[in-house]
Amino acid sequence: GNSVTQMEGPVTLSEEAFLTINCTYTATGYPSLFWYVQYPGEGLQLLLKATKADDKGSNKGFEATYRKETTSFHLEKGSVQVSDSAVYFCAQGTDKLIFGTGTRLQVFP
Amino acid sequence: DAGVIQSPRHEVTEMGQEVTLRCKPISGHDYLFWYRQTMMRGLELLIYFNNNVPIDDSGMPEDRFSAKMPNASFSTLKIQPSEPRDSAVYFCASTNWGSTFEAFFGQGTRLTVV
């Protein structure tokens, strides 16, 4: 069945470091792909999305590119901030939304 | 729109009691999802509805769990009887087909069963 696999956390970085969180998916067909972010005590919020192969989603300095050939949608940011500390979820959507297990990011000053 | 609204935000109940979680989706959305989040299992899809009809309930853990959507603006998730292992944060989310599944989440209900 369809699934999403993302790297386990926590990911611990210093402020201004480069971030990569890996995400791969298995799907029949061509799902839309998403990254959601969850801050403490809150629900998930959409961070960015891509709906077809080679699309690049971007928001708040985060980027991810829909790679059909590697079935991947890795999240990147060139310079993280303390305020980026949160849990990040990769997800795919066809007839339903399926999430990865989440990756906790901790950014220290 | 106020977004997806869930109630209560927190619920503490004793084992064996009935628990009802409520969700009001965003107006105009035709899909509604119930998720459960725990440290051990992450974010699990329990059930989802399309136009108030349950489409896939394969994620519902067992018969103690049931969900209804009597109209487009309201859904409930019921646990009867509740058990300590049901303790988790339960999220409701809604979306519509035209938005390519960009889902909007409620704040969640933190359930503690003692």
Side-chain angles (χ1 to χ4, degrees), chain A residues 1-10 21 23 25-53 55-59 62 64 66 73 86-105, chain B residues 2-10 21 23-26 29-51 53-60 67 88-111:
Chain A
N2 294 1
S3 66
V4 175
T5 303
Q6 60 182 106
M7 63 187 289
E8 292 189 15
I21 300 177
C23 171
Y25 66 93
T26 59
T28 53
Y30 302 102
S32 295
L33 300 175
F34 307 87
W35 278 99
Y36 281 80
V37 59
Q38 184 181 30
Y39 298 101
E42 298 185 10
L44 280 70
Q45 305 171 26
L46 180 67
L47 179 61
L48 53 83
K49 68 178 180 181
T51 58
K52 61 183 187 296
D55 267 3
K56 177 185 284 188
S58 61
N59 185 26
F62 291 90
Y66 192 143
F73 193 56
V87 181
Y88 292 82
F89 292 87
C90 184
Q92 62 160 299
T94 50
D95 59 334
K96 56 188 175 183
L97 260 181
I98 298 172
F99 286 84
T101 53
T103 302
R104 182 175 299 279
L105 170 65
Chain B
V4 176
I5 299 173
Q6 291 186 246
S7 64
R9 288 294 308 276
H10 302 275
L21 311 182
C23 175
K24 177 178 172 21
I26 292 174
H29 283 186
D30 55 1
Y31 281 81
L32 184 140
F33 304 86
W34 281 102
Y35 291 90
R36 178 173 69 175
Q37 186 177 34
T38 61
M39 290 293 292
M40 292 296 295
R41 301 173 68 90
L43 198 62
E44 303 172 274
L45 176 62
L46 300 178
I47 185 171
Y48 76 97
F49 296 82
N50 177 220
N51 291 321
V53 176
I55 303 301
D56 184 350
D57 65 354
S58 59
M60 296 286 260
V89 181
Y90 291 80
F91 287 103
C92 175
S94 70
T95 188
N96 63 52
W97 184 258
S99 72
T100 60
F101 277 98
E102 178 179 335
F104 294 81
F105 280 74
Q107 297 279 69
T109 294
R110 181 175 295 277
L111 173 66

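Residue numbers begin at 1 in each chain, while the letters A, B, ... track the order of the sequences. Quantities reported herein were computed from a predicted structural model and do not represent experimental measurements.
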Heavy-atom count check: over 12 atoms from other residues, nucleotides or ligands less than 6.0 Å from Tyr30(A) OH? no
Is Arg9(B) in contact with chain A via its backbone, its side chain, both, or neither, using a 4.5 Å heavy-atom distance? side chain
Between Asp56(B) and chain A, which part of the residue has a heavy atom less than 4.5 Å away: side chain, backbone, both or neither? side chain
In short, salt bridge (Lys or Arg N to Asp or Glu O under 4.0 Å) pairs touching residues 36-47 of chain A with sequence neighbours left out are none
Which atom pair, heavy atoms only, marks the closest approach of Gln38(A) to Phe91(B)? NE2-CZ, 3.3 Å
Contact summary for Phe89(A) and Gln37(B), nearest pair of heavy atoms: CZ-NE2, 3.3 Å
At a heavy-atom distance under 4.5 Å, which candidate from Leu43(B), Val89(B), Leu45(B) has the highest pair count against chain A? Leu43(B)
Could you tell me whether the side chain of Leu97(A) reaches within less than 4.5 Å of the side chain of Tyr35(B), counting heavy atoms only? yes
Rounded at 0.5 Å granularity, tell me how far CD in Gln107(B) sits from CG in Leu44(A). 11.0 Å
Partners meeting salt bridge (Lys or Arg N to Asp or Glu O under 4.0 Å) with Asp57(B) (sequence neighbours left out): none
Between Leu46(A) and chain B, with a heavy-atom cut-off of 4.5 Å, which part of the residue counts as in contact: side chain, backbone, both or neither? side chain
Taking the six-membered ring for Trp and the full ring for Phe, Tyr or His, determine whether the centres of Phe105(B) and Phe99(A) are under 6.0 Å apart. yes
